[in-house]
**Q** 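My structure is below; once you've seen it, I'll send some questions.
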2 protein chains.
Amino acid sequence: MSSREPTLADVAELAGVSLTTVSRVLNNRGYLSEKTKKRVKDAIEALGYRPNSLARALHGMRTQTVGLIVPTVSLPFFGELAVEVENALAEAGYRILICNSLGRADREREYLSLLVGNRVDGIISGAHNEGLGEYDTIRMPLVTIDRELSPSIPNVRCANENAGAMATRALLEAGSRHPLLLTSRSGPRNLREAGYRAEVERAGLHARVVTVPFDTPAPQRFAMVRDALDAAHGDEAIDGVFATDDLAGAEVLEWARMRDLSVPGDLSVIGFDGTETMRRALPHLATIRQPIEQIARAAVAILLGQIEGTEPRSPIDQDGAGRARTVEFPGTLLRGRSLTL
Amino acid sequence: MSSREPTLADVAELAGVSLTTVSRVLNNRGYLSEKTKKRVKDAIEALGYRPNSLARALHGMRTQTVGLIVPTVSLPFFGELAVEVENALAEAGYRILICNSLGRADREREYLSLLVGNRVDGIISGAHNEGLGEYDTIRMPLVTIDRELSPSIPNVRCANENAGAMATRALLEAGSRHPLLLTSRSGPRNLREAGYRAEVERAGLHARVVTVPFDTPAPQRFAMVRDALDAAHGDEAIDGVFATDDLAGAEVLEWARMRDLSVPGDLSVIGFDGTETMRRALPHLATIRQPIEQIARAAVAILLGQIEGTEPRSPIDQDGAGRARTVEFPGTLLRGRSLTL
DNA sequence: TTGAAAGCGCTAACAA
DNA sequence: TTGTTAGCGCTTTCAA
């Protein structure tokens, strides 16, 4: 807009000192007389000068910026995760560059490039399309959240398998004999599913898994849930559902209402995540709360340890071998009317 | 990690050409023989070279980055807004730097400084603590979303006053005679409130407004809503509530359940925002949907117009005088079981 | 078709 | 206590 941003030189000229002196005042380094200090500060004030962080970073210094890649901050879990990561970073004087991959590999690839191009000091990824080779190219500190990318990259997450078992147990204790799992992608990498399967088998029951992909667009999504649940229900009456996220849990509740199933009379429901937003929206939905703040803090601590080259001697996990650390935090069962009255 | 990122010089050396040539290949400028082009490209590939955008931007060029300030992306409205803004920007080759002010003036101030320091090309602010003088210092393109900051700064928003009236009318049509407004800050700048008041008066009824600040921490928040509604209800039975955001609407529903008020039998409820997340979580909550995508696109269009110096001759609004444009998009009434069965 | 050299705004030796 | 100077990685005249 109005002309260009003032530079160090402008300040120096106005204050009648050299560039170095201004730089010193800015960084509070070396010996300065109070008088020049004041003169420089006044000049800075008068011009509304703000140091150009790009030039600063170019000098080989840190950018003090960390990239965070998530599927989309519009989902409460990732939104809250982003804010917690931002808070943890802010305490250490770092800032965050948030990237929404939307679950698309091309966007994730692009963002990875962007982050490297912007010389962030490190990356936290909570969204990795499996098989994105680009991560191997990354020459900077990297930590993943939730999904594990590779055994050589530190991973922080909720103890998903335990939590999955906990949720399933809660359904069984509420009397469910035919508990069903509603998740977004089934497979061996789905640890919540593994917990569910283990617990169901232990009870001598059989597992039933229904899948609705995470990134299904809004209009079709509920229809898919409805159809899938209808099909399963016709097969053998569903009397309990463990949905691996709370929004899916909400859809189960809506389905139950449509089909005149009383909750928890005919059907118990438990979700996953326990974000603040979903607690406010549906306080009666039982769920497993992920310790988002702890996860964010641990991820940041590990990353900053790598960046600053001083692996913090944190109490959390330590892997003797060459393998990176994996840190798991337990989830918390939040009971609610959707489970037991 | 492994050593440092490769630079232009590294590529040039490996390819056996000059820096200029590599730069040319990168930017596809000037005449190059196919042979050198290929040699350079191979070298880039081999080294995994990624241009340093900071150095590039330092050269007075655009950073192709726009800052977005919102209270917090953990709230669905702002989360979805951020993603839409990001999408609109991406189409134009720009990226986004998301900042969560958390409603704190100090953090907003800090972020403003950060954005200027990072030489973003422009700022979109959806979170302005009133009376933050810093905005006057901003020498770059600036657009506000929702709340108006100053008449000289373009503002894009939902037609809040109309929408507030629409919501109120919906309650009245559903039979409410004592509709109450639940909002986060009451006052003349609250346009949804203005719409509510106008409609209530037109119907010859009296306005009742209950306030629970936006940034009340989770545990206290519901208690405050409950107490305030209890007090109002004891005063004169509430038979309708217009909550100026859907999460507050959800709390009203919860309060009604606690107090054994049937919805919509005893009490009609309508919220505001209509985000995808809240539609999934509470599809039966009537609401006014804000056209988030349109808002985001318009804000980006206006901002890029300023940045690129070609005010797009958009159909939307045009202000003859020196005042900036204000763009309003209508909200949409989404009926639901909380209003009428 | 290619290269040499200056400079973007800043920091950091090295002098004075 | 302050200033001079040489880069950081890149783009861009101006020459060749």
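Chain naming here is simple, since letters A, B, ... match the order of the sequence lines and numbering starts at 1 in each. Side chains included, hydrogens not; waters and symmetry mates left out as well; all remaining heavy atoms used. Just so we're clear, the structure is a prediction, and the values are computed from it rather than from any experiment.
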**Q** Base, backbone or nothing for each nucleotide of nucleotides 2-12 of chain C, written B, S, -, heavy atoms under 4.0 angstrom, 5' to 3'?
**A** BBBB-BBBBBB
**Q** Not counting sequence neighbours, list each pair that qualifies as a salt bridge (Lys or Arg N to Asp or Glu O under 4.0 Å) and has a residue in residues 86-106 of chain A.
**A**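 Qualifying pairs, neighbours excluded: A:Glu86-B:Arg107, A:Glu91-A:Arg297, A:Arg104-A:Asp106.
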**Q** To the nearest 10°, let me know how far the axis at one end of the helix from C:dT1-D:dA16 to C:dA16-D:dT1 is tilted from the axis at the other, five pairs an end.
**A**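 Rounded to the nearest 10 degrees, the bend comes out at 40°.
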**Q** Kindly indicate whether the side chain of B:Phe329, heavy atoms from C-beta on, has any atom under 4.5 Å from the side chain of B:Ile295.
**A**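 A side-chain contact exists here, since the closest heavy-atom pair is under 4.5 Å.
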**Q** Can you check the B:Leu47 CG to D:dG9 P distance for me, whole Å?
**A**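 In whole Å, D:dG9 P and B:Leu47 CG are 14 Å from each other.
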**Q** To the nearest angstrom, how far is B:Arg62 atom CZ from D:dT11 atom C1'?
**A**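 Result: 16 Å.
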**Q** Any side-chain heavy atom of A:Met140 within less than 4.5 Å of one from A:Asp121?
**A**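 No. Closest side-chain heavy atoms not under 4.5 Å.
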**Q** Ignoring hydrogens and angles, tell me if any N or O in the side chain of B:Ser53 forms a donor-acceptor pair with the backbone of A:Gly117 under 3.5 Å.
**A**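 Yes: the side chain of B:Ser53 pairs with the backbone of A:Gly117.
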**Q** Side chains of A:Thr144 and A:Asn155: is there a donor and an acceptor less than 3.5 Å apart?
**A**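 Yes, because at least one side-chain N or O of A:Thr144 sits under 3.5 Å from a partner of the opposite role on A:Asn155.
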**Q** Would the number of heavy atoms belonging to other residues, nucleotides or ligands and lying under 6.0 Å from CD of B:Glu134 be above 12?
**A**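 It does: B:Glu134 CD has more than 12 such atoms within range.
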**Q** Starting from C1' on D:dT1, measure out to NZ on A:Lys38 and report it in whole angstrom.
**A**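 My rounded result for the distance is 19 Å.
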**Q** Answer with yes or no whether the side chains of B:Tyr135 and B:Ser125 bring together a donor and an acceptor at under 3.5 Å.
**A**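 The answer is yes; a qualifying pair exists.
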**Q** May I ask you to check whether over 12 heavy atoms, not counting those of A:Lys37, lie within 6.0 Å of atom NZ?
**A**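 Yes, the 6.0 Å shell around NZ holds more than 12 heavy atoms from other groups.
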